[in-house]
Amino acid sequence: LQDALAAEVLPSIMPCDWYAKSTEKVLKPQSLPAGNILFANKGNYLEYSPVGVVGIITPWNYPFSTPFLEVLMALMSGNAVILKVATQTVAVGAFLNEVIEAGV
């Protein structure tokens, strides 16, 4: 139980607060410097856009924390997710679906 708490639960919960607070700031469009005097009169912008559907294939070790964080990042950036869990961890994949649908 302590191993699961230390290796799966806490590493999954701790980043959630940062993602919730920082996603809008991190993904907002940014103005970038020209980088070269030849392009000083040009505008450089960095804008993030969802890619659509993100496929995530996860290993059997760390069956919750690894896919949870990947799915969380993909959903918070506006993408849909198709998750393929290892055949040994199908129940964890179903639980992960419940957690995401619950809005954690």
Side-chain angles (χ1 to χ4, degrees):
L1 184 62
Q2 290 177 341
D3 286 343
L5 184 64
E8 293 281 346
V9 178
L10 290 177
S12 299
I13 294 172
M14 291 169 52
C16 288
D17 185 49
W18 186 87
Y19 289 140
K21 290 178 182 175
S22 304
T23 298
E24 187 175 343
K25 182 178 107 178
V26 170
L27 295 178
K28 73 177 182 179
Q30 302 172 29
S31 178
L32 301 174
N36 188 323
I37 194 146
L38 298 174
F39 300 109
N41 62 335
K42 305 289 183 186
N44 293 317
Y45 300 96
L46 177 62
E47 185 171 334
Y48 295 97
S49 301
V51 295
V53 179
V54 175
I56 300 172
I57 302 171
T58 60
W60 62 269
N61 56 342
Y62 303 108
F64 183 78
S65 62
T66 301
F68 177 73
L69 295 174
E70 300 296 329
V71 168
L72 183 66
M73 288 184 281
L75 292 174
M76 292 184 90
S77 60
N79 296 295
V81 176
I82 295 177
L83 174 64
K84 166 63 174 92
V85 296
T87 56
Q88 300 91 337
T89 62
V90 174
V92 176
F95 178 68
L96 179 64
N97 185 46
E98 291 178 27
V99 170
I100 297 295
E101 285 181 352
V104 172

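When all heavy atoms of Ala86 and Pro59 are compared, the pair lying nearest together is CB-C, 3.9 Å. The minimum heavy-atom distance between Cys16 and Phe68, with the atom names listed, is SG-CE2, 3.5 Å. The minimum heavy-atom distance linking Pro11 with Ala7 is given by the pair CG-O, 3.6 Å. A pairwise comparison of heavy atoms in Glu47 and Pro29 identifies CG-CG, 4.2 Å as the closest pair. Taking all atoms of both residues into account, the shortest heavy-atom contact from Pro15 to Ser12 is CD-O, 3.6 Å. In plain terms, the two heavy atoms of Met76 and Leu27 that are nearest each other are O-CD1, 4.0 Å.
Formation of a donor-acceptor pair under 3.5 Å by the Asn79 side chain with backbone atoms of Gly52 is found in this model. A donor-acceptor pair under 3.5 Å links the side-chain atoms of Ser77 to the main chain of Ala74, judged by distance alone.
By the 6.0 Å contact criterion, CG on Leu10 is enclosed, its count of non-hydrogen atoms from other residues, nucleotides or ligands being greater than 12. Atom CG of Leu38 sits in a crowded spot, with more than 12 heavy atoms from other residues, nucleotides or ligands closer than 6.0 Å.
Placement of Val53 and Ile56 in two distinct hydrophobic clusters is found when ILVMFWY residues are connected by side-chain heavy-atom separations under 4.5 Å, directly or transitively. Residues Val71 and Phe95 share a single hydrophobic cluster, defined by chaining ILVMFWY side chains whose heavy atoms lie under 4.5 Å apart. By the rule that hydrophobic residues join a cluster once side-chain heavy atoms approach within less than 4.5 Å of another member, Leu75 and Ile57 end up as members of separate clusters. Met73 and Val26 end up in the same hydrophobic cluster when Ile, Leu, Val, Met, Phe, Trp and Tyr side chains are linked at under 4.5 Å. Neither Ile100 nor Ile82 shares a network with the other; the hydrophobic side chains, linked directly or stepwise wherever heavy atoms of I, L, V, M, F, W or Y lie under 4.5 Å apart, form separate groups for each.
Here Lys84 contributes atom NZ and Thr58 contributes atom OG1; the two are 7.5 Å apart, rounded to the nearest 0.5 Å. Here CD1 of Ile13 is found 11.0 Å from OG of Ser65. Values are rounded to the nearest 0.5 Å. Atom CG of residue Leu32 and atom NZ of residue Lys42 lie 16.0 Å apart, to the nearest 0.5 angstrom. Remark: Asn61 CG to Thr89 OG1 distance equals 9.5 Å, nearest 0.5 Å. If you take CG on Asn36 and CG on Asn44, they are separated by 10.5 Å, rounding to the nearest 0.5 Å.
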Derivation and outcome, side-chain contact (heavy atoms from CB on, under 4.5 Å), residues Thr87 and Trp60: CA-CA 8 Å; Thr87 56; Trp60 62 269; over 6 Å; no

Show your working on side-chain contact (heavy atoms from CB on, under 4.5 Å) between Val92 and Val85 and close with a plain yes or no. CA-CA 8 Å; Val92 176; Val85 296; over 6 Å; no

Intermediate values then yes/no, side-chain contact (heavy atoms from CB on, under 4.5 Å), Tyr19 and Leu69: CA-CA 10 Å; Tyr19 289 140; Leu69 295 174; 4.2 Å; yes

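You'll find the side chain of Leu96 reaches within 4.5 Å of the side chain of Leu83, heavy atoms only.
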